[in-house]
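The structure follows.
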Amino acid sequence: MLIGLDLAGRDVLVVGGGSVAARRARAAIDEGARVRVVAPQAHEEVAVLAAAGSLVWEQRPVVESDLEGTWLVHACTGTVDAEIAGWAQTRRVFCVVASAAELGSARTPAVVTAGGVSLGVLSVDAADPARAATVRDQLADQVLHGRVDLRPSRSVSTADVLAPGEVVLLGGGPGDPALMTVRARTLLAQADVVITDRLGPTGVLTELREDVLVIPVGKALGAHKATQVEIHDLLIEHAGAGRRVARLKGGDPFLFGRGGEEVLACRAAGIPVRVVPGVTSAVAAADVAGIPVTHRGTADRLHVVNGHGRFTDLDLAAMRDPAVTVAILMGMAGLARLVSQLTDAGIDRMLPAAVVASATTDQERVIHAPLGELVARCAAAGVGSPAVVLLGQVTREGFLDPTHPGRAVEAPSRRRGVDA
Ligand code: SAH
């Protein structure tokens, strides 16, 4: 039978030092067990956990008296597991045998934990653990895609549970739903109300249960669908009525996402609110275009700037510095104006630049061009918002091709010897 064990503070013995033993030891530690590993030699992870005091490692062969006082034994030796199982049987201690489950008196299910629930799958046929893992993965997929109602029946609040009356700002990443974090997916699946932007992983919205209220408040430039104050009011209204509210935002909620204002508005209204980080487009757009925002010997800083306003002296200094990569968000609407400001300020028209539009979506486009040609090239290719404009040596086309010449020319790094 499948049963939940509370291992917190209880002794668990792991016999053997291989990678399976290390994994079992790690799992027991995560459950709060007091873990002892007995093995003459062990996997590096065991040594590291022992050095950190997370487990006790006795470097010798196992003897029967090692089972004294233990609640559960994991036999992972591959050689003397049957013997250990025999000792466990005599002493009435449950024993899991990694190499041959049928030898033991207990088996470990394939587990997925999400949204405050753990799902365990055991193959009835003890000899087929791979099947349990496959079933588990399919169930995990259902859970993570919000096809399972994970709303708790009682008000408990943990990192993966969205409580009634609570607001969570979810970083949705640049667009591809697969780039959302597991936590964001899990919390989204529990929401009664989802307030979304135009950008971000809008594809996940179609997967929500039908009874979930989806409110798009996305702002296209010039077509403001909802003001920031109206968004605050929506958050407060729905959470105030006891609903679980997910505020799904593109990228990371706090990078040009006005997430801070939404947190402040909720707090001022006495609404509990928290934030789940997201993969920001500032970096993700570069990644998918093969642009490493820092690269040892070429670029050792990243300067991220909002392209709505005028550049400051600090921005201009960053653009003049060959060791800095600049990422401009929201820069496409005023691209011509931005580029003229830069060239008027004496920034080299040949400065390598790239525009990555609709990164991680079906519409993804990448343009590489020197700064002075960027506007014409984007216009010719019909590339516009949303896009991240990147400037700097790392944006040269094919920078990550092994034979790329530009990379060999190392830009002066002011902090040589320090990992960029
Ligand atoms: N909080 C978001 C940024 C919001 S500002 C984040 O961390 O990514 C909106 C700007 O983000 C857009 O104007 C564009 O510059 C950029 N952006 C968002 N999604 C993008 C995508 N998929 N591809 C390229 N740029 C994107």
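Ligands are counted one by one from 1 in listed order, and the atoms in each one are counted from 1 as well.
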Check if T360 has a non-hydrogen atom at a distance under 4.0 Å from any atom of ligand 1.
no

Using side chain to side chain contact (heavy atoms under 4.5 Å, CB included) as the criterion, point out the one residue from L302, T395, L391 that pairs with V326.
L391

Per-atom contacts of ligand 1 with L255, taking only distances under 4.0 Å to non-hydrogen atoms:
1 (N), 2 (C), 3 (C), 4 (C), 7 (O)

If we number the atoms of ligand 1 from 1 as shown, the ones under 4.0 Å from a heavy atom of T280 are 6 (C), 7 (O), 8 (O)

Would A387 count as a contact residue for ligand 1, given that I'm defining contact as a non-hydrogen atom of the residue lying under 4.0 Å from a ligand atom?
yes

Distance to 0.1 Å, residue and atom name: give those for the protein heavy atom nearest to atom 4 (C) of ligand 1.
F256 O, 3.4 Å

Return yes or no for this condition: an N or O of P174 is under 3.5 Å from an N or O of ligand 1.
yes

Looking at V124, is its backbone amide N or carbonyl O close enough to the side chain of R131 to form a donor-acceptor pair, meaning the two atoms are under 3.5 Å apart?
no

Residue, atom name and distance, where the atom is the protein heavy atom closest to atom 23 (N) of ligand 1
A359 N, 2.8 Å

May I ask you to decide if T361's main-chain N or O and S358's side chain share a donor-acceptor pair within less than 3.5 Å?
no

Give the single entry among V355, D197, V356 that approaches atom 24 (C) of ligand 1 most closely by any heavy atom.
V356

So, is G250 polar-close to ligand 1, with some N/O to N/O distance under 3.5 Å?
yes

Carboxylate-amine/guanidinium contact R243 E237, below 4.0 Å
no

Would you mind telling me which of T70, V93, V73, L72 makes a side chain to side chain contact (heavy atoms under 4.5 Å, CB included) with D11?
T70

Taking 4.0 Å as the limit for heavy-atom contacts, which would you say applies to S281 with ligand 1: side chain only, backbone only, both, or neither?
both

Select one of side chain, backbone, both or neither to describe which atoms of S358 lie under 4.0 Å from any atom of ligand 1, heavy atoms only.
backbone

Please determine if R244 and E166 form a salt bridge, counting it only when a charged side-chain N lies under 4.0 Å from a carboxylate O.
no

Which of H232, Q228, R267 passes side-chain hydrogen bond (donor to acceptor under 3.5 Å, both in side chains) with E262? It is Q228

Minimum-distance pair of heavy atoms, taken over all atoms of P174 and V279
CD-O, 3.5 Å

Can D315 and R310 be counted as an ion pair, charged N to O under 4.0 angstrom?
no

So, regarding M330 and ligand 1 (criterion: nitrogen or oxygen to nitrogen or oxygen, under 3.5 Å), is there a contact or not?
yes

Say whether S385 and ligand 1 are in contact under the criterion: heavy-atom distance to a ligand atom below 4.0 Å.
no

Where on L199 is there a heavy atom closer than 4.0 Å to ligand 1, on the side chain, on the backbone, on both, or on neither?
side chain

Under 4.0 Å from ligand 1, counting heavy atoms only, is it the side chain of T361, its backbone, both or neither?
neither

If you compare all heavy atoms of R337 against all heavy atoms of G309, which two are closest, and at what distance to 0.1 Å?
NH1-O, 3.4 Å

